[in-house]
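Presented below is the structure to which this report refers.
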Number of protein chains: 2
Amino acid sequence: MLAIGTLSRKTGTKVQTIRYYEQIGLMNEAGRTSGGQRRYYVKDLDRLAFIRHSRQLGFSLDSIRELLDLSDNPSQSCAEADSIARRQLRQVEQRIKRLQALKKELKRMVAECDGESVAECKVLEVLRDHSECLTNHDEIGA
Amino acid sequence: MLAIGTLSRKTGTKVQTIRYYEQIGLMNEAGRTSGGQRRYYVKDLDRLAFIRHSRQLGFSLDSIRELLDLSDNPSQSCAEADSIARRQLRQVEQRIKRLQALKKELKRMVAECDGESVAECKVLEVLRDHSECLTNHDEIGA
DNA sequence: TTGATAAGCTACAGTGACTTTAGATAAAGG
DNA sequence: CCTTTATCTAAAGTCACTGTAGCTTATCAA
């Protein structure tokens, strides 16, 4: 039987985060000692590792819930898991695209700044006037 | 005098977001009509446009606060604004790096999936076992 | 057995940057 | 005057946690 701190150390997850996962139903309710402390089996550790690894790859908790459901029913088709992963890939690719446009714009901004007074600051000027931009970068947080 | 909806349309900002910016002190408190509705000047519109454009470039509201302060005091050196922009650029570059590592891993995952049953699903297998990964991708949300 | 220390517990508030909802009031046009 | 559209406040919800306060339990050496 493993204590919560052991799971924490083995997966690099904060203790509070593990309790949070239990609270939102991503982890099963753990058994308790007579004193009320949580105790885990190795299968719980595996499940937590799966969750954390998926998070590291950028999957949302909702996607992870789906993936765990699939993982728990080994007779189903793999197509669903595949499509979740592909969706995640598309999202990542879009974010990269957008960030690369931002990078370009920011680079231009700081390159044209010559350390003069704020009155002629290129950085502030660009921020004031979108029309000086090369790209549209219209959506925030996409 | 401009109504809040006009600012909303002209800057592509939701009405609630404008009120939120007022609430956290990023926008000045607007004047009111006798009936209690907010009315704005063109300078308020400009300020909002500055905020939104900065957000589109990924600056945090805290950074934007600093940039607005600088913009309001045109006699200062531009160095501060420059350093904020450079910091932002570094952040963007780091995020791109991390996302490119994720992209690589996700691509490999879906490429190796052949639509078999969940039991042999490569996607789930990789999620289960981090050691199958090429990269470390250790930090979440970096 | 005692006592110290580490680890764990609950419950709730805070983060960032908004978005959503509910229910009410104001303004504008015909 | 009436209807429609716009606006108002206040509070809760989002995502995925993190942090805090104030306790209680477990473990190990002396």
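Reminder, nothing fancy here: chain letters follow the sequence lines and each chain counts from 1.
- Comparing A/Thr17 and A/Gly35 by the nucleotide of DNA chain D whose heavy atom lies nearest to each, the residue mapping closer to the 5' end is A/Thr17.
- The side chain of A/Thr33 places no N or O atom within less than 4.0 Å of a non-bridging phosphate oxygen (OP1 or OP2) of D/dT25.
- OP1 or OP2 of D/dC17 lies within a sub-4.0 Å distance of a side-chain N or O belonging to A/Arg52.
- Two residues, A/Arg39 and B/Ser60, neighbour DNA chain C, and the one matched to the more 5' nucleotide by heavy-atom proximity is A/Arg39.
- In this structure, the CG atom of B/Leu48 is 11 Å from the P atom of C/dC18, given to the nearest Å.
- When all heavy atoms are compared, the tightest approach of A/Ala30 to A/Arg39 is CB-O, 3.9 Å.
- Taking 4.0 Å as the cut-off between side-chain N and carboxylate O, B/Glu112 and B/Arg108 count as a salt-bridged pair.
- In this structure, of C/dT21, C/dA17, D/dT7, it is C/dT21 that holds the atom nearest to the side chain of B/Gln16.
- Between the C1' atom of C/dT19 and the OH atom of B/Tyr20 lies a distance of 11 Å, rounded to the nearest Å.
- Not one side-chain nitrogen or oxygen of A/Arg19 sits closer than 4.0 Å to the OP1 or OP2 atom of C/dG8.
- A/Gln37 has its CD atom 10 Å from the C1' atom of C/dA6, to the nearest Å.
- In this structure, CG of A/Leu61 is placed 11 Å from P of D/dT18, rounded to the nearest angstrom.
- Atom NZ in B/Lys14 sits about 13 Å away from atom C1' in C/dA17, given to the nearest Å.
- At the heavy-atom level, B/Arg38 lies under 4.0 Å from the strands shown only through sugar-phosphate atoms.
- Within the nucleic acid shown, B/Phe59 has no heavy atom closer than 4.0 Å to any nucleic acid atom.
- Salt bridge A/Arg86/A/Asp82: present, at least one basic N to carboxylate O contact under 4.0 Å.
- In this structure, CZ of B/Arg32 is placed 12 Å from P of C/dA27, rounded to the nearest angstrom.
- Note: CE (B/Met1) to C1' (C/dA26) measures 16 Å, nearest angstrom.
- Rounded to whole angstrom, the span from the CD atom of A/Gln56 across to the C1' atom of D/dC17 amounts to 15 Å.
- The residue B/Arg65 sits apart from the nucleic acid: no heavy atom pair falls under 4.0 Å.
- Judged purely by distance below 3.5 Å, without hydrogens or angles, the side chains of A/Asp129 and A/Ser131 pair a donor atom with an acceptor atom.
- Proximity of A/Tyr21 to the phosphate of D/dA16: no side-chain N or O atom is located under 4.0 Å from OP1 or OP2.
- Within 4.0 Å (heavy atoms only), A/Arg9 reaches no atom of the nucleic acid at all.
- Residues B/Ile51 and B/Ile24 are members of one and the same hydrophobic cluster, defined by side-chain heavy-atom contacts under 4.5 angstrom among Ile, Leu, Val, Met, Phe, Trp and Tyr.
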